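Report on the structure given below.
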Amino acid sequence: ARQNGISSSREDGGLVLSSACLRQAKLCQNNAQEFSISSEISMIITPLLHLLLGARAAQSFLAPSPCTFPASLSPSSLSRRDGTSTTQLFMAKTKNKKKKKSSGSSSGGAGGLKGFGGGSSSGTAKKSATKGEGGTIDRSPSALRFYDYLQRAGGGSNLKRVGLGYFPLQIGPTPDDILQLRGVIALRDIPKGDPIIEIPYEMALDLGRESSDPTLPATTLLQKYCAWRSDSDGPPGDKERGDYFAMLPPYLSADCLGSTDFFSEEALAMLQSPMVVEETKLRRELVEARYERDVQPMAQMSSNLYRWEKAGDGDDGDESNIATLSHLQWASWIITSRVLTVQGPPESSIANRVLIPLIDMCNHDRDSPHILTGRAMPGGMLKVVAGADVKTGDAINIGYGGSVEGNDRFVQDYGFLDGGGSKERGKKTKDGEEFVAEAYKIVAKKLLGKGAGRSASGKRMSVAEQEAEMEALQTTSLEEDEALLDSRKVVKDVERMALEYRIGMKKALKQLM
């Protein structure tokens, strides 16, 4: 995948999928030498220019007409129910064999997996979705507007192959324990080797060079999101992305609250993982420092910057409308959970964080055969290529973290626990051996000194760190943890997740020791 331009493994504390808007300062290339306005400086200069000169004048001032962009960086819809005419999105018909009805295909392993889309109850999902093979097509108003956005922005051809859909997710033993998980659904058969999704690079949100600190690109994303949400002045084009911004997991939604970034102290302690707790607190400190250094001062300089709510009559200076520290924390989680790290042109060693509409709505499957490819360069196309034949109605999943990360990262960066890939869950276990997801075994190998053993900082775990993790997990026994989970005494979702994490870890260690 790295050869194709999109990295798919974690190498440092920043998320690399590397499953990641538009830079406010553009780079020029002169005599083959690149030089740029730093992200910190551009974050200050651009809003000030818009404030002092106005959006149009500022855009003219910033436009580098005498320069060329370096190749390494540049940073529809279903038929409406209201009767307006738009391009229709529909499920391709399947051919019927003689005397046999065509059977619906599987959901591509969506069951048991959680991801970007976010869940809703089966009842509410049925109200805004249309039944299709393997899944249901999302025809909700927000989805219709997103399809229109794809058409306007140059990604409309994708709607001949895929759309948004809902897939059943079994979360418990009874028929009532089913959520409808939103993801990307195939609208027709796609042969192996053909593109499933193709997004022009110019349509993506380039957040700058890859680094271990998610808070800097988060300030840029938050500023653009606020400009759309509050209908404030901003660079041309940002508001055009509003129909995409509307599809991001909302602030303090169940999706983001599943990340340890939002865990209470009690829930963090229940993980029995000093490593995860330390990394979580470090990221919180980074968010707080960034907010005090960059967001708060800029918001005080102009009431239109980082305005979370639309201004009413006479409340231009109302600080209660300004984005808070918690909003920046949410934006940082959006960065760590949705960015792709994309290489620049072949001659460049630069890798950028990029948010790619539609691709970032694919759910996770550790065993997904599909390939991420493309480069962050003008004219480039960012793709998901079929690594196996895709059937109509299949879920289009990709492997988060390059399919090599463990649940220590999933619970921090994504807000869910990986219960195993679609192929992994179908494998037979040894007689009397309980199935344990690979995502737990990866972490267990770190603690036993059998794996790569790297923490979020990119450093190899020391013996002392390994011993501290093992000691914390011995605070309670596996039998005690399972009894506590079965007792239903733990009712908060994040605390149950923390309990499930340590149960999975103890089972993995038991099998590997």
Side-chain angles (χ1 to χ4, degrees), residues 1-46 62-64 66-75 198-221 224 235 237 286 290 332 334-357 359-360 371-385 398 400-402 404 413 454 456-458:
R2 181 173 289 281
Q3 293 175 348
N4 292 325
I6 298 182
S7 170
S8 58
S9 64
R10 171 178 288 280
E11 297 178 339
D12 55 34
L15 176 66
V16 181
L17 204 129
S18 286
S19 131
C21 110
L22 208 53
R23 264 183 83 111
Q24 293 173 331
K26 299 176 181 178
L27 304 184
C28 294
Q29 188 174 38
N30 186 16
N31 298 325
Q33 297 296 317
E34 295 182 11
F35 50 94
S36 68
I37 303 174
S38 71
S39 296
E40 291 89 345
I41 295 175
S42 69
M43 184 179 63
I44 296 173
I45 290 177
T46 304
L62 290 170
C67 309
T68 58
F69 293 109
S72 59
L73 183 77
S74 179
E198 294 180 299
I199 299 296
Y201 169 69
E202 288 75 10
M203 183 177 168
L205 304 183
D206 195 319
L207 295 158
R209 299 186 184 185
E210 170 64 18
S211 74
S212 60
D213 182 2
T215 64
L216 179 59
T219 58
T220 302
L221 174 61
K224 291 177 178 291
L286 288 173
R290 181 68 66 183
S332 296
I334 291 289
I335 299 300
T336 59
S337 66
R338 301 181 77 90
V339 295
L340 288 150
T341 294
V342 184
Q343 298 295 123
E347 66 274 10
S348 170
S349 61
I350 294 175
N352 283 16
R353 291 182 170 190
V354 184
L355 271 168
I356 310 176
I359 292 180
D360 70 356
I371 302 164
L372 297 167
T373 182
R375 293 188 176 273
M377 54 189 294
M381 194 68 74
L382 308 173
K383 305 179 184 181
V384 177
V385 176
I398 58 178
Y400 295 3
V404 297
D413 295 338
R454 295 186 183 277
S457 63

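The structure presented is a predicted model; accordingly, all values stated were derived computationally and were not measured.
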Legend entry - Nearest heavy-atom neighbours spanning A376 and V342: N-CG1, 3.4 Å

Legend entry - Residue pair A218 / S332: nearest heavy atoms and the distance that separates them: CB-OG, 3.4 Å

Inset, instruction - Give, for atom CG of L382 and atom CE of M377, the distance between the pair rounded to the nearest 0.5 Å. - result: 11.0 Å

Legend entry - Separation between CD1 of I335 and CG of L216, rounded to the nearest 0.5 Å: 9.5 Å

Inset, instruction - Give a yes or no answer on whether the side chain of R375 reaches the backbone of G344 with a donor-acceptor pair at less than 3.5 Å. - result: yes

Legend entry - Student check: side-chain heavy atoms of V384 and L372 closer than 4.5 Å: yes

Legend entry - From I350 atom CD1 to E210 atom CD, the distance as rounded to the nearest 0.5 Å: 12.5 Å

Inset, instruction - Sequence neighbours left out, what passes side chain to side chain donor-acceptor pair (under 3.5 Å) with T215? Give chain and number order. - result: D213, R290

Inset, instruction - Identify the heavy atoms of D413 and S337 that sit nearest to each other, and give their distance. - result: O-CB, 3.2 Å

Legend entry - Distance-minimising heavy-atom pair for I398 and I359: CD1-O, 4.2 Å

Inset, instruction - Using atom types as modelled and distance alone, determine if a side-chain donor or acceptor of R338 lies under 3.5 Å from a backbone N or O of D360. - result: yes

